[in-house]
Amino acid sequence: ARNIQTFEEKCMHAGLEYRIHNDVESMPIASLVEETRFADLVLVSRESFFANVNKDQPNEYLQELLKKAECPVLLIPEKYTAPDKVLLLYDGDASSVYAIKLFAYLFPNLTTLPATLLSTTKKADEKMPEQESVAELASRHYPQLTLNNMALDHPSQLINWILEEGNTWIVMGAYGRSLFSTLFKKSFADEFIENVRMPLFITHPQG
């Protein structure tokens, strides 16, 4: 109840239209997933989502939401400084391209920030998948775009690199599948969410 009151106060102070849905069924995740069909975006606390049931994130409730949501999900840390750059994680899969487009559509004000299109490979001489096409698309939305095709041996190297980069908006596709299909196992997505405590935008094509 206190959270709802705080939400209402913040919306009124900012002059935002809002609506509180109290007709939630006994299965809260199922109800939330149903709501995502008619939403543009879901904002979720990075640390507190069903933390009363399991404080270790991503817990089973967050995992289910990320796999079944029918709109993008933005995981937000409880405490953070607004990032000043964008990291677009790209593996050649349709879901990563879709995420790049959806983030630009929903947050056009953030596309002017410096952005990095990051792809990973197993070998240093491997090229970024469909590099010309994805660079053409991304550069139209993100004018300060840099391409980075990084050869990695282990997922922890990517996590360490991102942490060294500092506070960043991170954009990725298809939770529940391999984040980078040429390199990582499915479990990497959970490890990524657990360790990278920055705003994380996740989505995947529907249908």
Side-chain angles (χ1 to χ4, degrees), residues 3 6-7 10-11 14 16 18 32-33 35-36 39-51 55-59 61-91 93 95-120 138 141-146 148 150 155-156 158-177 179-180 184 188-205:
N3 290 338
T6 300
F7 174 77
K10 295 287 186 181
C11 288
L16 297 175
Y18 69 93
L32 179 56
V33 168
E35 291 280 350
T36 65
D40 294 314
L41 180 72
V42 174
L43 298 177
V44 176
S45 168
R46 164 63 183 72
E47 293 89 0
S48 301
F49 191 75
F50 280 85
K55 65 180 180 179
D56 296 327
Q57 296 289 2
N59 58 34
Y61 296 98
L62 182 55
Q63 290 172 333
E64 184 173 1
L65 174 64
L66 293 174
K67 289 176 181 178
K68 296 182 179 180
E70 297 186 24
C71 73
V73 177
L74 182 59
L75 297 182
I76 297 289
E78 287 292 324
K79 296 181 180 179
Y80 76 102
T81 302
D84 55 7
K85 50 190 170 182
V86 178
L87 179 61
L88 309 169
L89 301 181
Y90 169 69
D91 65 354
D93 188 77
S95 64
S96 60
V97 178
Y98 187 68
I100 290 169
K101 292 188 287 187
L102 260 289
F103 186 82
Y105 300 158
L106 290 171
F107 301 103
N109 58 313
L110 300 181
T111 60
T112 58
L113 297 174
T116 298
L117 179 67
L118 178 65
S119 176
T120 65
H141 292 293
Y142 305 86
Q144 295 195 65
L145 183 71
T146 300
N148 188 347
M150 184 184 300
S156 61
L158 174 62
I159 292 175
N160 292 336
W161 182 86
I162 291 175
L163 294 177
E164 291 174 1
E165 281 290 291
N167 203 13
T168 303
W169 295 98
I170 300 174
V171 178
M172 63 179 278
Y175 178 85
R177 295 161 56 183
L179 177 57
F180 294 104
F184 299 129
F188 174 66
D190 287 345
E191 181 182 350
F192 190 93
I193 292 172
E194 180 181 357
N195 290 283
V196 179
R197 305 198 173 203
M198 302 175 192
L200 178 57
F201 179 93
I202 303 176
T203 192
H204 50 84

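What you see is a predicted model, and the numbers here were worked out from it, not measured in a lab. If you read the sequence from its start, that first residue is 1, and numbering goes on from there.
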Quiz item: When you measure from the side chain of Gln144 to the backbone N and O of Thr112, does any donor-acceptor pair fall under 3.5 Å?
Solution: yes

Quiz item: For Thr111 and Pro108, which heavy atoms make the closest approach, and how far apart are they?
Solution: OG1-O, 2.7 Å

Self-check item: Partners passing side-chain contact (heavy atoms from CB on, under 4.5 Å) against Leu41 (at least two apart in sequence or in another chain)
Solution: Leu43, Pro72, Leu74, Leu106, Phe107, Phe201

Quiz item: Given side chains that start at C-beta, do those of Asp91 and Thr120 come closer than 4.5 Å, heavy atoms only?
Solution: no

Quiz item: Nearest heavy-atom pair of Pro83 and Pro199: which atoms, and what distance?
Solution: CG-CG, 3.8 Å

Exercise. Determine the minimum heavy-atom distance between Ile202 and Leu66, stating which atoms define it.
Key: CD1-CD2, 4.0 Å

Practice problem: Could you tell me which residues satisfy side-chain contact (heavy atoms from CB on, under 4.5 Å) with Val97, sequence neighbours excluded, listed by chain and number? | Solution: Tyr90, Lys101, Leu137

Exercise. Quick one: closest heavy-atom pair of Thr116 and Asn148, and the distance?
Key: CG2-CB, 3.9 Å

Practice problem: List for me each residue that meets side-chain contact (heavy atoms from CB on, under 4.5 Å) alongside Asn195, sequence neighbours excluded, and say none if there are none. | Solution: Ile159, Glu191

Quiz prompt | Closest non-hydrogen atom pair, Ala138 against Leu145 | solution = CB-CD2, 3.6 Å

Quiz item: In a check of side chain to side chain contact (heavy atoms under 4.5 Å, CB included) between Leu200 and each of Leu75, Val44, Leu89, which one passes?
Solution: Leu75

Quiz item: Quick one: salt bridge (Lys or Arg N to Asp or Glu O under 4.0 Å) partners of Lys85, sequence neighbours excluded?
Solution: Glu165

Self-check item: From CD (Glu70) to OG1 (Thr36), nearest 0.5 Å
Solution: 5.0 Å

Quiz item: Are any side-chain N or O atoms of Tyr18 and backbone N or O atoms of Lys10, one a donor and one an acceptor, separated by less than 3.5 Å?
Solution: no

